[in-house]
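Below is one structure, written out as structure tokens, with a few remarks after it.
Values below: all heavy atoms of this structure, side chains included; hydrogens, waters and symmetry mates excluded.
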Amino acid sequence: MLTRRTFTKWAGILPSTYLLPGTCSSLKESAAEKDPGLWVNDIHSQLNATHLRASVRPASAQGLQQVVHDAKERRFSLCIAGGRHAMGGQQFLSDGVLVDTRGMNRIVSLDQQRGLIEVGAGIEWPELIDYLEAAQAGSAEKWTIAQKQTGADRLTLGGALSANAHGRGLAMKPIIADVESFTLVDAGGELRTCSRADNAELFKLAIGGYGLFGIIATVTLRLVRRQKVERAVEIVEIDKLMPAFQERIAAGFLYGDWQFSIDPASTDFLSRGVFSCYRPVDPATPMSESPKDLTVDDWRNLIYLAHTDKKKAWEVYSGRYLATSGQIYWSDRMQQSVYIDDYHRELDPELSGGKPASEMIAEIYVPRPALAAFLAEVRADFLANAVDLIYGTVRLVERDDESFLAWATQPWAGVIFNLHVAHDESSLAKAAADFRRLIDRGLQHGGSFYLTYHRWANRAEVAAAYPQFPEFLRLKRQYDPEERFQSDWYRQYRDLFASGA
Ligand SMILES: Cc1cc2nc3c(=O)[nH]c(=O)nc-3n(C[C@H](O)[C@H](O)[C@H](O)COP(=O)(O)OP(=O)(O)OC[C@H]3O[C@@H](n4cnc5c(N)ncnc54)[C@H](O)[C@@H]3O)c2cc1C
């Protein structure tokens with residue numbers, strides 16, 4: 001039998017770590033208590049408590065290759081985890097061996113001529129941004145990232161590529177557009193360079209491929225010039241939103257979003273929002289002195305209010321944001337945000353006498369002209385079904401015509417819904433139904449949804465949004481016939497599509 005010790009030994013790599021981020025607070029909590037062995041969970045929803053056989057943390061491409069060779073020899077399946085923010089078990093495999101990529105966090109090279117940086121795929125955004133700032137401290141013109149996810153920072157580049165993530169760019173494609181190339185350890189243990197010229201099919205499959213085609217070892221990212229940007233904030237009604245986005249884009253704004261009211265008792269609910277956009281300014285513009293941005297304590301207070309007094313939450317939030325209009329930021333730092341891992345553990349005793357709960361996210365895409373009608377329907381639905389909305393945002397994304405499992409198949413308006421979910425069985429069943437109705441409403445408008453969150457979407461919904469899914473599964477088995485790389489998410493959809501259910 002493979003134990004932690006023997007696995008580490010035969011893998012011939014750095015010592016394994018047995019990370020248990022947060023407590024296992026889902027339905028599986030009692031099981032986790034009985035068996036305090038190798039349990040992991042996702043950071044945000046904490047709804048994916050998974051028991052592992054072993055966890056390894058290689059620090060080099062050779063270490064990754066060794067793991068794959070050994071897993072092949074011993075017939076183990078591997079799952080791949082970075083920052084653990086996916087929420088449908090995409091990074092975990094029950095009783096599997098987990099490859100924790102965060103040991104792969106080296107800066108390999110910075111090409112200041114071409115604006116390219118090669119880094120280990122396990123690096124998280126804060127380290128990358130800090131490095132870029134420090135390494136170019138003396139340069140008049142600096143490079144930085146074009147986009148990252150918003151709302152949380154400790155996500156890895158490997159995770160960003162595997163979901164084909166996007167940020168709050170007003171006219172940006174998902175992150176595939178920012179990727180020059182990457183290296184990947186495939187199912188045979190070979191290290192391959194993937195780009196638009198080399199292993200081009202694998203390039204398109206692995207980006208947005210949820211870790212099913214191999215372990216991304218390093219990423220070469222295309223950088224953009226670092227700029228000073230000014231934030232412009234106003235309150236905008238839904239019927240003025242799309243023209244307002246267009247005006248901002250035409251005026252040269254680069255980033256922006258619309259965070260809508262979450263108060264179901266108000267007529268503003270899902271129809272009025274804080275519209276914040278960022279435009280480049282003259283590099284000589286001084287940075288804001290004493291900026292009025294959210295502190296960790298402000299964030300804690302706001303998340304508490306969003307659960308207990310939504311009217312107040314909106315007032316505080318919109319007031320705070322409006323007060324920051326005109327502030328100057330660096331284009332990369334502006335994309336970072338406060339986020340407290342495990343914040344719900346602090347809320348649980350206050351909200352429900354300690355019963356576990358958390359938030360789950362959905363991101364639904366609709367054609368831009370359909371946004372107002374979609375949100376009006378969602379409003380009626382949330383009121384009728386007492387859906388507890390904690391926050392929500394609208395962003396824009398441009399069409400991705402490269403990745404195989406592309407979600408940005410049109411220039412969408414993307415709506416993010418962060419819903420409160422208690423972890424008891426009936427609340428989970430209700431949440432699954434609430435999220436499915438959201439997906440169905442998006443699909444009725446010719447829209448789509450993001451696969452990186454829960455796995456409550458049924459086969460018909462996945463097939464409607466991703467008609468290429470059966471071919472994706474076929475190509476997965478072509479590149480990985482022994483299914484070396486798996487996850488609970490993969491198993492669920494592989495089996496659903498095989499059964500036709
Ligand atoms: C609070 C919050 C805010 C978010 N905001 C956004 C947002 O603004 N925009 C957006 O697009 N998404 C957003 N997300 C979703 C997030 O971008 C994805 O879930 C992303 O994949 C998480 O990265 P991670 O490093 O945490 O990866 P994990 O959750 O650990 O893994 C996610 C997937 O990537 C695979 N993977 C990870 N590393 C590698 C690797 N090196 N090689 C191969 N496969 C790998 C895993 O197998 C898994 O399938 C958000 C999520 C949360 C919880």
Side-chain angles (χ1 to χ4, degrees), residues 61 64-65 67-68 71-72 77-82 86 88-91 93 99 101 104 121-122 156-166 173-222 397 399-409 448-452 455 457 462-463 465-498:
L64 293 175
Q65 288 180 281
V67 171
V68 175
K72 193 171 161 60
S77 295
L78 299 169
C79 58
I80 308 163
Q90 293 86 346
Q91 69 280 58
L93 177 65
V99 182
T101 63
M104 296 285 302
T156 62
L157 261 75
L161 263 61
S162 301
N164 198 13
H166 68 122
K173 297 179 177 199
I175 203 164
I176 188 167
D178 306 344
V179 179
E180 180 73 7
S181 63
F182 57 85
T183 60
L184 171 134
V185 176
D186 71 9
E190 248 184 75
L191 185 68
R192 297 188 191 214
T193 297
C194 302
S195 68
R196 289 165 184 82
D198 298 319
N199 295 305
E201 188 176 56
L202 209 40
F203 180 84
K204 289 161 181 255
L205 284 163
I207 299 185
Y210 291 99
L212 297 175
F213 293 86
I215 311 169
I216 300 174
T218 63
V219 178
T220 301
L221 202 63
R222 295 171 171 170
V397 66
R399 181 166 167 257
D400 158 22
D401 48 10
E402 293 194 280
S403 72
F404 188 88
L405 203 56
W407 52 265
T409 49
S448 185
F449 68 98
Y450 202 6
L451 291 169
T452 201
R455 59 169 195 268
V462 173
Y466 298 90
Q468 71 278 45
F469 206 81
E471 180 63 2
F472 175 78
L473 293 174
R474 190 190 70 72
L475 286 164
K476 151 72 181 166
R477 282 189 293 265
Q478 181 182 310
Y479 278 93
D480 181 11
E482 293 172 354
E483 296 182 305
R484 185 71 47 227
F485 304 109
Q486 294 197 32
S487 65
D488 287 341
W489 179 86
Y490 167 68
R491 283 190 179 168
Q492 172 172 317
Y493 287 108
R494 175 199 64 187
D495 296 351
L496 266 184
F497 275 80

Does the side-chain contact (heavy atoms from CB on, under 4.5 Å) test come out yes or no for Leu64 and Val99, once each step is laid out?
CA-CA 8 Å; Leu64 293 175; Val99 182; 3.9 Å; yes
Would you call the rings of [X] and [Y] parallel, tilted or perpendicular if under 30° counts as parallel and over 60° as perpendicular?
X: Phe472; Y: Phe404; result: parallel
X: Phe469; Y: Trp489; result: perpendicular
X: Trp407; Y: Tyr450; result: tilted

Are [X] and [Y] packed together at the side-chain level, in the sense that at least one heavy-atom pair is separated by less than 4.5 angstrom?
X: Val185; Y: Val67; value: no
X: Leu93; Y: Tyr490; value: no
X: Val462; Y: Phe497; value: yes
X: Met104; Y: Ile216; value: no
X: Leu475; Y: Glu201; value: yes

At what distance, to the nearest 0.5 angstrom, does [atom1] of [X] lie from [atom2] of [Y]?
X: His166; Y: Lys173; atom1: NE2; atom2: NZ; result: 15.0 Å
X: Arg399; Y: Thr409; atom1: CZ; atom2: OG1; result: 8.0 Å
X: Leu161; Y: Leu221; atom1: CG; atom2: CG; result: 8.0 Å
X: Leu191; Y: Leu184; atom1: CG; atom2: CG; result: 8.0 Å
X: Glu190; Y: Gln65; atom1: CD; atom2: CD; result: 8.5 Å
X: Lys72; Y: Arg484; atom1: NZ; atom2: CZ; result: 6.0 Å

Distance-minimising heavy-atom pair for [X] and [Y]:
X: Gly88; Y: Arg455; answer: O-NH1, 2.7 Å
X: Cys194; Y: Asn199; answer: SG-CB, 4.0 Å
X: Gly188; Y: Val68; answer: C-CG1, 4.4 Å
X: Ala160; Y: Ile175; answer: O-CG2, 3.7 Å
X: Thr452; Y: Tyr210; answer: N-OH, 3.2 Å
X: Gln90; Y: Ser487; answer: O-CB, 3.3 Å

For Glu483 and Arg494, what are the C-alpha separation, side-chain angles and deciding distance, and is it a salt bridge (Lys or Arg N to Asp or Glu O under 4.0 Å)?
CA-CA 11 Å; Glu483 296 182 305; Arg494 175 199 64 187; 3.1 Å; yes
Report yes or no: does [X] contribute a side-chain atom to a donor-acceptor pair with the main-chain N or O of [Y] at less than 3.5 Å?
X: Thr101; Y: Ala81; answer: yes
X: Thr183; Y: Thr218; answer: yes
X: Gln91; Y: Ala86; answer: yes
X: Lys476; Y: Leu212; answer: yes
X: Arg222; Y: Ala177; answer: yes

Salt bridge flag under 4.0 Å for residues Arg474 and Glu471
yes
Can you check side-chain contact (heavy atoms from CB on, under 4.5 Å) on Phe182 and Ile207, steps first, answer last?
CA-CA 10 Å; Phe182 57 85; Ile207 299 185; 3.7 Å; yes
Begin from the C-alpha positions of Asp186 and Tyr479 and carry the test side-chain contact (heavy atoms from CB on, under 4.5 Å) through to its verdict.
CA-CA 8 Å; Asp186 71 9; Tyr479 278 93; over 6 Å; no
Run Phe203 and Ile176 through side-chain contact (heavy atoms from CB on, under 4.5 Å) and show every step you take.
CA-CA 9 Å; Phe203 180 84; Ile176 188 167; 4.0 Å; yes
